[in-house]
Each structure stands twice: as structure tokens, then as C-alpha cells.
Amino acid sequence: MNRPAQYHQHNEVQRYIADKVWSKYSKWLQWRHDGQDTLLDVGTGTGNVLMEIVKPRIAKTYRKIVGTDVAPEVIEFAQNYYRSPKKCEFRVLNICTEQPLPHDLLGQFDHVTSFNCLHWLKNQEQALRNIYDLIRPEGGDCLLSFAPYVPIMDIYESLRDSATWAPYLGHTDYFNGPLQRIEEFALVKLLQDIGFYNVHVQFNYDVYNYDSPQEFSDQMAASSLFLKHVPASMHEKLMVDFLEVARRLGCRASSACGTKCKFSLNFTNAVVYAKKLPQRR
């Protein structure tokens with residue numbers, strides 16, 4: 001993501017999904033009796049989900065909240081936009097790293113959350129292992145949501161294979177991780193193999209409707225990881241072709257009288273709750 005201000009303005013779908021997930025599933029989290037919870041958010045982006053959906057709905061006695069993202073530019077945006085309120089901070093963190101996690105984050109959190117992030121990662125299994133290691137050894141839990149399937153995958157795969165865009169996108173492989181198109185039973189087993197227990201997985205099927213092609217295009221461009229591979233002079237052309245493929249794949253729906261064109265995004269959202277067993281000393 002190299003346009004954080006644009007993303008902050010046009011991440012309606014991400015906020016919609018996160019709000020539904022938090023409203024329905026945050027009750028699964030095992031909150032501390034003393035209210036001194038610590039929480040780390042993975043893939044926090046520009047911070048509006050963490051600061052505007054999660055933070056206002058947890059006990060004000062929380063001890064620490066940390067928003068993390070691999071992209072320094074979005075962390076800088078979040079720091080400047082929210083001015084790092086008391087007990088909150090934003091950190092650059094590559095959740096897929098195979099190097100040791102920062103010592104001051106390792107095993108420090110009662111809860112780890114992640115919304116709309118894991119499906120974009122290349123080393124998804126390592127990310128889940130690192131999430132496990134971020135949870136305190138005395139035990140804690142995580143609440144994660146990601147899209148094992150969304151039509152954007154098919155749209156970009158079609159563009160990637162085209163003569164026009166193959167030179168720019170042919171090397172990208174954002175949708176080749178083990179979480180892509182994974183079945184519920186396989187996801188449960190993967191989490192259990194990592195060490196999680198009391199694993200609950202629920203797949204939800206949803207649709208988000210856009211009022212116009214421009215709204216759809218703006219939102220897709222704001223969250224796209226592909227534009228960075230394309231010269232800026234060709235961004236507009238890429239989004240025109242993106243809309244055309246979206247129409248061809250059935251993302252467009254017209255009004256009954258045919259006078260208004262809307263776009264609809266059907267997607268699968270996986271919600272994961274899992275706990276970490278307290279480690280014996």
C-alpha cells in the first residue's frame with residue numbers, strides 16, 4: 001500500500017467487515033478480570049479499524065494497544081493521524097519474518113487481532129506461527145479474519161495473464177498461500193499443528209454493494225498491492241481494465257430499469273478464534 005491517505009478514505013469494505021466481525025465475535029475473547037489487557041493488531045494499515053472500531057469497545061483500563069504493519073508509510077500515517085494516544089502505539093512489523101520477533105513484543109500480549117490482512121501475505125503459515133509467539137506464555141488468544149476467497153483474486157489473475165499487464169504483474173503471487181481457498185477443516189488442523197487449541201473457525205458468505213463504478217474503482221485502487229508494480233502513467237489504464245474484467249466476471253449488477261450500474265463484491269470471510277495453552281515453567 002503506497003497511498004495511505006487514499007486507503008484511509010476508501011477502505012469501506014474493510015471497515016464493514018471488521019465491524020461485523022468485532023460486533024459478533026469479540027465476545028469470544030477471554031478478557032482479563034483486572035481489565036489490564038494488552039492487544040496487538042496485525043496488518044493495522046492506517047489504524048482506523050483499530051482506533052475507531054476496536055479501541056472504543058474494550059475496557060478503558062486496558063494496559064497497552066499496539067497496531068502493526070509491514071509498510072512504514074502506513075504506520076507513519078497512523079502515527080501522525082492519531083497522534084499516538086496514551087497507551088497506544090504503532091509499530092512496523094513484518095508478521096511473516098523468519099527472524100526472531102522484537103524482544104519487547106515477543107510473548108507480551110493477551111490478545112492478537114487481525115482483520116483483512118492474512119490473505120495478502122506470501123508466507124501465511126509463518127505469520128500464524130508468529131501470531132502464536134506474540135501471545136504471552138501464560139496463555140491468551142487471537143481473533144483473526146481474512147478472505148480465503150474473493151473475486152479480486154480472479155480479476156488480478158486474469159490481468160496478470162494478459163499481454164498488456166503480464167510484464168508488470170506476471171511475477172506477482174499474492175494469492176498462492178495455503179490460506180487461499182482453504183477449507184474449514186484444513187484451517188483448524190493448520191492452527192492446531194502450530195500449537196493453538198480451542199480453535200473455532202466460521203466461514204461467512206457476504207456481499208458488499210457499491211453505488212457506482214467510480215466508488216468501486218476508488219476502493220479497489222486504494223487497497224491494491226498491484227499498482228506499485230505498474231508505472232504511475234498506466235494506473236488509470238489498469239483500473240479501466242480492472243473494471244472491464246470485473247464486469248465480465250459478474251461483479252456488475254444493474255438496476256431493474258437498467259439506468260443505474262452498481263458493482264457487487266461477493267466474498268468469503270473466515271473468522272478464527274484460537275487460544276494458546278499456558279506454558280509450564
Side-chain angles (χ1 to χ4, degrees), residues 18 21-22 24-44 49-50 53-55 57-59 61-70 87-121 123-146 148 177-179 182-203 269-281:
V21 170
W22 189 261
K24 185 173 182 178
Y25 299 103
S26 61
K27 62 186 177 184
W28 289 0
L29 293 167
Q30 302 296 300
W31 300 100
R32 294 171 60 112
H33 295 299
D34 61 6
Q36 294 287 296
D37 296 87
T38 54
L39 183 149
L40 181 141
D41 187 53
V42 171
T44 205
V49 166
L50 179 63
I53 293 175
V54 174
K55 178 177 173 290
R57 302 185 193 180
I58 66 176
T61 54
Y62 70 88
R63 184 154 55 93
K64 180 169 65 173
I65 291 177
V66 179
T68 67
D69 200 283
V70 70
K87 302 191 293 185
C88 298
E89 64 175 294
F90 295 97
R91 295 271 299 270
V92 175
L93 175 68
N94 177 10
I95 195 61
C96 295
T97 183
E98 297 181 3
Q99 300 300 314
L101 292 168
H103 183 72
D104 62 333
L105 299 180
L106 183 65
Q108 296 298 308
F109 296 91
D110 299 293
H111 318 288
V112 176
T113 59
S114 181
F115 304 94
N116 311 300
C117 167
L118 297 179
H119 51 274
W120 289 109
L121 306 181
N123 196 343
Q124 295 167 335
E125 184 172 345
Q126 183 63 40
L128 293 172
R129 293 185 183 279
N130 286 338
I131 287 172
Y132 182 88
D133 290 339
L134 288 166
I135 299 172
R136 59 188 176 88
E138 295 83 6
D141 52 17
C142 64
L143 180 65
L144 318 171
S145 75
F146 68 95
L179 299 183
I182 194 170
E183 299 290 342
E184 293 181 52
F185 75 90
L187 180 54
V188 170
K189 184 178 185 306
L190 174 60
L191 291 159
Q192 290 174 336
D193 288 346
I194 289 171
F196 288 104
Y197 83 108
N198 194 24
V199 177
H200 297 275
V201 173
Q202 186 166 329
F203 279 23
N269 188 50
V271 179
V272 171
Y273 172 80
K275 296 184 71 174
K276 180 174 182 176
L277 273 171
Q279 298 175 6
R280 294 181 179 178
R281 301 194 176 201

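What's counted below: heavy atoms across the whole structure, side chains too, no hydrogens, waters or symmetry copies.
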Self-check item: Verdict with reasoning, Leu128 to Leu118, per side chain to side chain contact (heavy atoms under 4.5 Å, CB included)
Solution: CA-CA 9 Å; Leu128 293 172; Leu118 297 179; 4.1 Å; yes
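- Here Cys142 contributes atom SG and Phe109 contributes atom CZ; the two are 14.0 Å apart, rounded to the nearest 0.5 Å.
- Put simply, the side chain of Glu184 never gets that close to the backbone of Gln202: no donor and acceptor are under 3.5 Å apart.
- Between the side chain of Thr61 and the backbone N or O of Gly35 there is at least one donor-acceptor pair closer than 3.5 Å.
- A 4.5 Å side-chain heavy-atom check between Asn123 and Glu98 finds at least one atom pair inside the cut-off.
- Under the rule for a ring-ring contact (aromatic ring centres under 6.0 Å, His included), the partners of Trp120 that lie at least two apart in sequence or sit in another chain are Phe175.
- The only member of Asp69, Asp104, Asp41 that meets salt bridge (Lys or Arg N to Asp or Glu O under 4.0 Å) when paired with Arg91 is Asp104.
- With hydrogens and angles disregarded, a donor-acceptor distance shorter than 3.5 Å links the side chain of Arg136 to the backbone of Gly139.
- The pair Arg129-Asp133 fails the salt-bridge criterion, with no side-chain N (NZ, NE, NH1 or NH2) lying under 4.0 Å from an Asp/Glu carboxylate O.
- Proximity of a side-chain donor or acceptor of Asn130 to a complementary backbone N or O of Ile95 within less than 3.5 Å is detected.
- In this structure, the side chain of Asp37 does not engage the main chain of Tyr62 through any donor-acceptor pair within 3.5 Å.
- Side chain of Gln108 to main chain of Leu106: a donor-acceptor pair is present (N/O by atom type, distance under 3.5 Å, no hydrogens or angles).
- Remark: the backbone N or O of Ile135 is paired with a side-chain donor or acceptor of Lys276 at under 3.5 angstrom.
- The shortest distance between side-chain heavy atoms of Leu143 and Trp22 falls below 4.5 Å.
- Proximity of a side-chain donor or acceptor of Gln30 to a complementary backbone N or O of Trp28 within less than 3.5 Å is detected.
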